[in-house]
Asks: 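Please read through the structure below; I'll follow up with questions.
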Amino acid sequence: MKSIIKFFVFIFLFSIVQKGYSQDADFHIYLSLGQSNMEGYAKIEAQDKVGVDDRFQVLQAVNCPELNRTMGNWYTAIPPLCRCNTGLTPVDYFGRNMAANLPKNIKVGVINVAVGGCKIELFDKDKSADYIAAAPDWMKGMIKEYDGNPYQRLVELAKTAQKKGIKGILLHQGESNTGDTLWPKKVKIVYDNLMKDLNLDPEKVPLLSGETVNEDQNGKCGSMNKIIATLPKTIANSYVISSKGCTAEADFLHFNAAGYRELGRRYADKMLSLLGYKLSEGKVPFIVQAPLGFDQINTTIPTGKIESISYESKTVGSIRKAAVYTPPGFNKKKKYPVLYLLHGIGGDEKEWLNGGSPQIILDNLYAEGKIEPMIVVMPNGRAMKDDSATGNIMAPDKVQAFAAFEKDLLNDLIPFIEKKYPTYKDREHRAIAGLSMGGGQSLNFGLGNLDKFAWVGAFSAAPNTKVPQELLPNSEEAKKKLKLLWISCGDNDWLIENSKRTHDYLYKNDVPHIYYIEPGVHDFKVWKNGLYMFSQFLFKPVDQSVFSAYTILGNPAQTNIRNAKYPQILPDNRVIFKIAAPQASKVQIDLGRKYDLTRDSEGFWTVTTDVINKGFNYYSLLIDGVAVADPASQTFYGMGRMASGIEIPNKEGDFYALKEVPHGEIRINNYFSKATNSWREMYVYTPPGYENSTEKYPVLYLLHGGGEDQTGWTAQGKANLILDNLIAENKAKPMIIAMLDGNMGNTGGIAGFNESALKAFENELKTGAIPFVENHFKTAKDSKNRALAGLSMGGLQTLYAGVKNSDLFSYIGVFSSGWWANNTTLSEPQYEFMKNNAQKINSNIKEFWISMGGKEDIAFENCKIMRSKFDQFGIKYKYSEYSGGHTWPVWRHDLFMFAPLLFNK
């Protein structure tokens with residue numbers, strides 16, 4: 001009797017303190033249960049009690065007068081979160097991470113009921129009495145704090161908390177059931193009882209179950225994790241949270257404080273992904289994918305209606321059908337915008353309804369206030385008299401009927417819909433989207449009729465998509481008229497190249513759009529998510545500046561090795577790195593700035609960088625402080641070793657793109673140098689048509705920078721493609737390019753660089769490289785047909801050998817270089833020579849071209865001082881700047897600008 005009275009007093013008090021949270025859709029409740037690792041074993045440290053966001057709340061499960069906490073009240077979740085004297089728990093850092101990565105209007109509440117040492121049977125309401133009766137006295141003492149029934153306490157608290165807000169259940173239990181192969185079924189009994197007793201939908205409330213201390217930490221119950229791993233086979237909506245790498249106490253049964261913090265973060269990461277949120281990374285959190293249960297019926301909300309309509313198609317010459325969705329609360333006196341939603345090659349007007357549940361997705365979104373009321377028309381996109389999806393769906397006449405649907409749509413269906421339903425009739429209130437073949441139709445029809453559609457979406461567009469130049473010949477018109485262009489696809493969809501091709505063209509032409517890549521293939525899982533995301537943008541103001549944030553995955557970099565999925569480049573040129581290093585304690589990426597990676601439960605380390613400079617960038621992988629090449633990336637000789645490199649898309653990089661133009665050849669030549677008494681290597685570019693020509697060609701001798709070699713100008717610099725494109729456009733004369741190894745002896749690039757090294761290179765150039773090229777290639781052998789250029793260290797070599805030998809070279813190019821102002825021993829003799837030979841230099845050198853990568857170029861000040869000296873001496877030169885620093889994107893542009901100047905005088 002006393003316990004009944006006590007319970008009703010609790011309910012009364014609880015109802016009073018709940019006024020602030022009752023029926024609050026933005027208050028997310030999580031139930032947690034288990035044994036000692038869930039109640040909290042580790043000592044609570046100072047860092048665990050500070051910085052707790054007051055949006056993270058705990059519902060007190062027991063009275064703790066010494067903590068000034070009363071059962072049934074909400075408190076800011078400062079530990080302990082289970083009982084009065086328990087320790088740190090995964091729930092602490094689950095809640096902290098949830099609050100940090102959810103929008104500020106969302107609060108996170110936890111109800112933690114756990115008993116150290118218990119088996120899962122304690123929470124089986126039909127077996128708990130027998131289990132408690134046989135429990136040891138020390139456990140009964142803990143159970144008594146829950147009035148003798150922990151399960152019932154959890155349910156009572158959950159019932160009086162906000163039912164709508166229960167988003168998930170956290171479990172950590174299994175140590176006391178080690179070896180029990182029936183454990184998953186026993187957990188299911190508890191889970192099913194919670195669903196029934198709390199009237200929850202198991203398809204919307206996931207169970208997250210953490211592993212015991214892992215075997216990699218010598219966990220005494222680590223073998224239980226093999227049984228825990230089978231839980232998703234028994235409970236469909238359950239997920240196992242790995243404990244790999246989570247550190248443990250000396251008993252190897254319990255996690256230590258650091259282990260709980262990491263395990264809690266992993267619970268949160270999984271839950272955030274199930275809710276559809278992208279980790280905020282210090283930015284405003286937002287939903288980037290459909291949450292769990294988005295396509296499940298909610299019987300408590302208003303629903304729209306589906307009806308089948310028939311319309312006369314003059315285009316086809318028959319009566320055709322379509323399915324029409326009208327939103328909840330549809331009112332014939334109100335006007336609505338319209339979304340035309342198209343099916344794939346094997347479907348018809350019912351395909352979306354049969355496989356995609358668009359009415360359920362949209363109903364749920366309406367109920368959450370996330371979309372505008374709209375009419376959705378699902379037509380048959382196969383415009384022919386027999387428009388059924390039977391027989392050979394790939395037959396030419398059936399495929400052609402998808403193209404013919406454009407006229408049927410514009411001339412027959414849209415007028416019918418706008419006459420039958422109360423719709424707006426302007427382009428701003430008309431959208432078109434589709435899956436697969438329908439995605440291609442949407443792009444073709446939508447972008448081809450911007451006077452009709454302002455909103456266009458394609459989910460996994462098929463090969464019927466027009467090539468970009470035909471799809472969008474006038475990009476400026478698209479920029480003005482499009483409200484939203486959405487392109488999405490699964491990363492393992494065999495048709496993804498259609499989407500990528502269109503995205504690349506749009507990116508190059510600065511057409512705002514969302515390019516959304518998600519894990520998946522060519523199926524309704526991807527398409528339903530596409531509809532969920534796309535529909536939330538429609539018929540409302542959009543902020544195009546955030547478009548690039550809407551994706552889950554990026555495109556694998558073109559510099560990745562074959563089949564490597566990472567690094568991935570996001571639409572805004574940020575990069576996702578993912579490295580497998582399970583034994584590492586610290587992993588970083590060095591891209592000029594160092595980024596710390598975060599380890600996941602499987603030993604993968606990830607990070608998303610800031611926006612990376614367009615074009616080619618070197619990077620290093622730092623494993624516990626040791627710089628190594630990324631095994632997922634191609635390697636390039638740079639920084640004095642084989643280093644990783646990543647190619648970032650560049651809107652201005654068309655000049656070095658691989659195009660359908662005649663291509664020259666790269667030849668690797670070994671020759672014996674008398675100057676060095678050794679075999680040396682050079683890369684030689686011969687222009688298109690060289691092999692069959694009798695022409696004598698001019699030669700550009702092109703030099704790399706410090707820490708690089710003769711491979712640099714082709715691998716990193718794309719010199720061959722730059723020349724191919726320039727020659728094809730008649731912007732540069734066909735020429736040979738000899739790319740030399742500028743490393744002399746043991747100088748190691750810039751290290752030990754002095755006049756002796758410069759003289760050694762000069763000697764090699766004159767007695768080794770030039771004679772070899774002129775004896776083995778069809779060259780014109782006079783100064784007016786020779787040019788010398790180089791970047792950085794190669795620029796100094798060019799200044800030295802080119803200026804001193806102006807009788808050999810009529811064209812000089814110096815990229816990101818200049819005599820060192822702080823090394824007068826080296827620079828002053830060069831300036832003295834130029835001062836005394838200014839007239840000769842000006843007479844012999846027809847084009848003296850100097851370039852710099854802007855003020856951020858590390859050679860900028862040296863070059864500035866050098867140019868002032870040139871001005872004093874009367875040395876004629878041309879100067880160019882291209883912002884980008886001391887990098888390959890700058891030097892590619894330098895070659896692009898310099899090559900057209902050559903051999904024209």
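Hydrogens, waters and symmetry mates are skipped; everything else that's a heavy atom, side chains included, is used.
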Asks: Do we see a donor-acceptor contact under 3.5 Å between the side chains of Glu518 and Ser488?
Replies: no
Asks: Does the ring center of Trp891 lie less than 6.0 Å from the ring center of Phe815?
Replies: no
Asks: Testing the basics here: between Leu723 and Ala732, what is the closest heavy-atom pair and its distance to 0.1 Å?
Replies: CD1-CB, 4.5 Å
Asks: Locate the shortest heavy-atom distance separating Arg641 from Ala627; write the atom from each residue and the value.
Replies: NH2-CB, 3.9 Å
Asks: To the nearest 0.5 angstrom, please state how far the OG1 atom of Thr465 sits from the CZ atom of Arg501.
Replies: 6.5 Å
Asks: Centre of Phe672's six-membered ring, under 6.0 Å away, within 45 degrees of the axis: is that where NZ or CZ of Lys674 sits?
Replies: no
Asks: Test His503 against every option in Phe547, Tyr516, Tyr515 by the ring pair (Phe, Tyr, Trp, His ring centres under 6.0 Å) rule and name the one that passes.
Replies: Tyr515
Asks: Using a strict threshold of under 4.0 Å (side-chain N to carboxylate O), is an ion pair present between Arg574 and Asp610?
Replies: no
Asks: Can you see which heavy atom on Tyr566 is nearest to which on Phe577, and at what distance?
Replies: CD2-C, 4.5 Å
Asks: With ring pair (Phe, Tyr, Trp, His ring centres under 6.0 Å) as the test, pick out the partner of Trp713 among Tyr683, Trp888, Tyr701, Phe616.
Replies: Trp888
Asks: Below 4.0 angstrom, N of the basic side chain to O of the carboxylate: do Glu647 and Arg892 qualify?
Replies: yes
Asks: May I ask you to decide whether Lys614 forms a salt bridge with Glu652, counting only side-chain N to carboxylate O separations under 4.0 Å?
Replies: yes
